[in-house]
Amino acid sequence: MPQFTIRKAGLADLPAIMQLEQASFPTDAWSEASMRDELVSPHTEYVLLVRLTPGSAGYEVFGYAGLSKLSGSEQSDVQTVAIADSVRGKGYGRRLMEHLIQLARRKHARQLFLEVRADNPVAHGLYVSLGFTEIDRRKGYYQPDGVDAIVMCLELPAEALPEPIVLGIESSCDETGVGIVRGGTLLANVISSSMDLHARFGGVVPEVAARAHLEALQPTLRQALAEAKITLDEVDAIAVANGPGLAGALMVGVGAAKALSVGLGKPIYAVNHLVGHVGADVLERGQVEVPTIALLVSGGHTSLLLVRDILDDVELLGETIDDAAGEAFDKVARVLGLKYPGGPEIDRAASEGDPNAIRFPRGLTLPKDMEKHRYDFSFSGLKTAVARWVEVKVDADEEFSIPDVAASFREAVVDVLVTKAVNACLDHKVPRLLLGGGVVANRRLREVAAERCAKHGIELRIPAFSLCTDNGAMIAALGAQLVMAGRAPSDLGFGADSTLPVTTVQTV
Amino acid sequence: MSYLLAIDTTAGTGVALLKDGMVVAEVQQDQGVKHAEQIGDSLAQVFATTGLRPQAIDLVAVGRGPALFTGLRVGIAAGIMFAEAAGAQLCGVVSHDAIALSLYTSDGNLPEHPLFIHTDARRGEVYWALYGGLDSNHLPIVLAGPSVGKYEDVVAALTAEHGELTDRTGGATAAWVARLAELQLAAGATNPDVSALYLRAPDATQPKPNQLFGKRVSG
C-alpha cells in the first residue's frame, strides 16, 4: 500500500504545488509569484499530502493546504485546499483539513474561516461534517465564473486543558526517568541511573537494566511528584516511551504507565523515545523550532533526523550501521584501560593529548560511502583501528601516550558526527541543529559543533544535560504536545517496540 | 466492604478483582508473551465490568514469580504503579503458593504426599516449590523452595528427603493470587515485598580489561 503522509511544505515544493494548482483550478489558479509569497510568508503555513518514495528521501505531491494566522489575532483562515484528481474521494481532503484545524489550535486561533464555491457540494459537505457553519455569502465572488462564495467558520473553543499536566515515563535503556510537565513547562525531572551496575560489565547489560527499572519505579515516581509539588490525581495524561530501545527494559515502563493510566482514569500516550529527545527542546524554548536537524548520540543510538514537524513529520536521514558512538567510547576506554562509562574518561584523558597525533579513520566518509551512506555512521572500524594501533605498540614494547590516543580517537568520532550533521543542515537548507543524547556531554563534540555551526550560520541548540540524557521530562513534553494538539490517546493495547521507527511519533 | 486487586503475569496475563473474598471480575489471558500489550486492557476490563472506581481498591496483590523475567516484571511494575494511583496497600505473593492453594482447594483427589509444583524455567530447568498441605489459616505450608533446578535432580533430592511426591505443574492465575492474598490478609500475614523472584543472576560476563568484544546493545 502506498504510504501517504502529511508534511510541511517548503519553497522547494513550489513547482509541484503549481502543477497541482493549475490542474485543480483551471480558470482561477494563483500565479507562481502569489504562491511563492504564500510559501515564504511568516503568517502562513502550507502542508502537503505526499506519497513517499520507498527507500529514498523523495516524495510525490498529491495535495496541499494552507493556513493563515496573524500572531496576536484569534482568527485564522484556510487559504486553499487542493487534492489531485487521482486520489479524490479517499478521505485525504478530510485528513488535510483535520491537520489544518489542529495547526490552527496549536497557533491558539479561536476561529477558523474559509470560503467555498457554492457549486462545490462535495467540499461544502466535508466542511459541514467538520463542524464549519455558514456565516455569509458573497455574490459572484469567484470570477470569471460568477460563482458565489459561501463563507464558513469553525469555532475553536479554548481547550479544557490548555496546559495539561503530563507525567512521562522513560525506561528504554539504563535510565529510569519520571518527568512531569505543565504544557511546555518543566515541573520535575528525576532520573535514576543503573550505570554503576553496568560498570563491571563494560557496557549496558539488558537484564541488569530491566531489573533496575523495576526497583527504581516507585521511588523515582514519588520523588518526581514531590519535586513537582503535585499529587497523582492532578495529572491529566500519562506518556511513556514504547521504543526504540531494549525490549525488556521498555516493557517495565509500558506496564507501569498503563497501570497508572487505568488507576487514575487518565489517557495514555505511547511516544517515540528518539523523537522525545527532540521534544526536550520544548521545555527550554516553549516550542521546537522547525525545521531542524537533530543529531542524537548516546550509548545506544547515533541517529540523524530531519524534523519538519515534531508531531507529524520526522524523517530518519541516517544512523549508525554498527556501534553507537557512546558504545565506541566505552570499548576504546576498555582498550586504553580506562573506566566505564568511557565518554567522560576519554574526555578527561584527551584534554592533555594531541588530537592530530594519530590519524584514525573516519567511518563512511569516503566518496563511495558518501553516495550510499551520506548520513549514516560507522564506528566499529574506528574502534578496531584504535585497538590494532595499541596492540602493535604493546607487542613492540613501545611507549605510547594514552592522552594522544584518546584525543585522536575522540577527534575522529566528533569530526564524523559534526561533519555529517552540518552536511544534513546544508543539503536540506535547514538553519538549525539540535543535539541530544548522553554523548552530548562530550566537551569536544560541543566545541566542534559550535565552531562549524557558527561558520555556516546554523543555529545550534544543546539542551541542558539533564534533558539531553535519557529522561522522563522529554517524554512528558512530547506527550503534552500531543495532548495540546488535540490528538487522540493511544489505545491501551500497544506494546514495546525495540525498533520503533522515528516516523511513528505516537503509537496509536 | 473490602476490595482486593490481584495482578499476575507469571504465566499468562491475569487481573482479578475480589470483593469481600469473592472473585467479582477476572481476566485471564494465556497468550504467551504479550504481557505488556495485554496488561492495560485487562486492568481496564475488570473495572469496566464491575463499575468500580480504582480508588475503591484497598489492597493490590502481585505474583512475584518465580517465572520468566520479562513477563513477570510487567505485572509487578503494573501492580506497583496501580497501588500508587489508587492509594492502595501493596503485597506480593509467591506464584507457586497460589498454584498450591488452587490445587489443595479444587482438586479433591490430590494424594496426600508432599505436593511438588514445578513450572518451566527454560534451559532444561524448572522453577519449583514443595508443599505439605494447608495450615489452620488455609495457607499452603511450604516445605521447600521456591527454587530453580533440573527437574530430575530436584525430584531425586526431594524424594530422598520427603518420600513419594505428588507431582503437578500448572500456572498461577490472578484469581488464586487474589484468594491467597485475602487469606494472608485475614491471617495478618501479608508480605509488602513485591520484588521479583528471579532466582538466577542476570546473564552477563565480565570482560577482561583489554578485551574488545562486548555485547552489543541497541537501546
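Letters go in sequence order (proteins before strands), and every chain restarts at 1.
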When A:Gly493, A:Gly495, A:Gly248 are compared by non-hydrogen pairs under 4.5 Å with chain B, the top option: A:Gly493

Below 4.5 Å, heavy-atom pairs only: which of A:His213, A:Glu391, A:Arg222 has the largest tally toward chain B? A:Arg222

Of all the heavy-atom pairs spanning A:Val205 and B:Asp203, show the shortest one and how long it is. CG1-O, 3.7 Å

What is the distance from atom CD of B:Glu37 to atom CG of A:Asn242, rounded to the nearest 0.5 Å? 10.0 Å

Relative to chain A, which segment of B:Ala201 carries a heavy atom at a distance below 4.5 Å: side chain, backbone, both, or neither? backbone

Please classify the contact between B:Ile76 and chain A as side chain, backbone, both or neither, with a heavy-atom cut-off of under 4.5 Å. both

Can you give me the closest heavy-atom contact between B:Ala196 and A:Leu214, atom names plus distance? CB-CD2, 4.1 Å

Heavy-atom donor-acceptor pair, A:Lys258 side chain to B:Ala78 backbone, under 3.5 Å: no

In Å, rounded to the nearest 0.5 Å, how long is the span from CE of A:Met251 to CG of B:Leu72? 12.5 Å

Check whether A:Arg211 gets within reach of chain B through its side chain, its backbone, both or neither, counting any heavy atom under 4.5 Å. both

Does the side chain of B:Glu84 reach to within under 4.5 Å of the side chain of A:Leu217, using non-hydrogen atoms? no

Is A:Val254 close to chain B through its backbone or its side chain, or both, or neither, when contacts mean heavy atoms under 4.5 Å? side chain

Nearest heavy atoms of B:Pro54 and A:Gly263, plus distance in Å: CB-O, 3.3 Å

For B:Met81 and A:Leu260, work out which heavy atoms get closest and say how close. O-CD2, 3.7 Å

Taking B:Ala77's backbone N and O only, do any of them form a donor-acceptor pair with A:Gln218's side chain (distance below 3.5 Å, no angle check)? no

Chain B contact via A:Leu500 - side chain, backbone, both or neither, heavy atoms under 4.5 Å: neither

B:Gln89, CD atom: more than 12 neighbouring heavy atoms under 6.0 Å: no

From B:Gln38 CD over to A:Leu492 CG, what is the distance, rounded to the nearest 0.5 angstrom? 12.5 Å

Winner by heavy-atom pair count (cut-off under 4.5 Å) against chain B, out of A:Gly253, A:Gly243, A:Gly255, A:Ala256: A:Ala256

Heaviest contributor of heavy-atom pairs below 4.5 Å to chain B, chosen from A:Leu221, A:Ile268, A:Val208, is A:Leu221

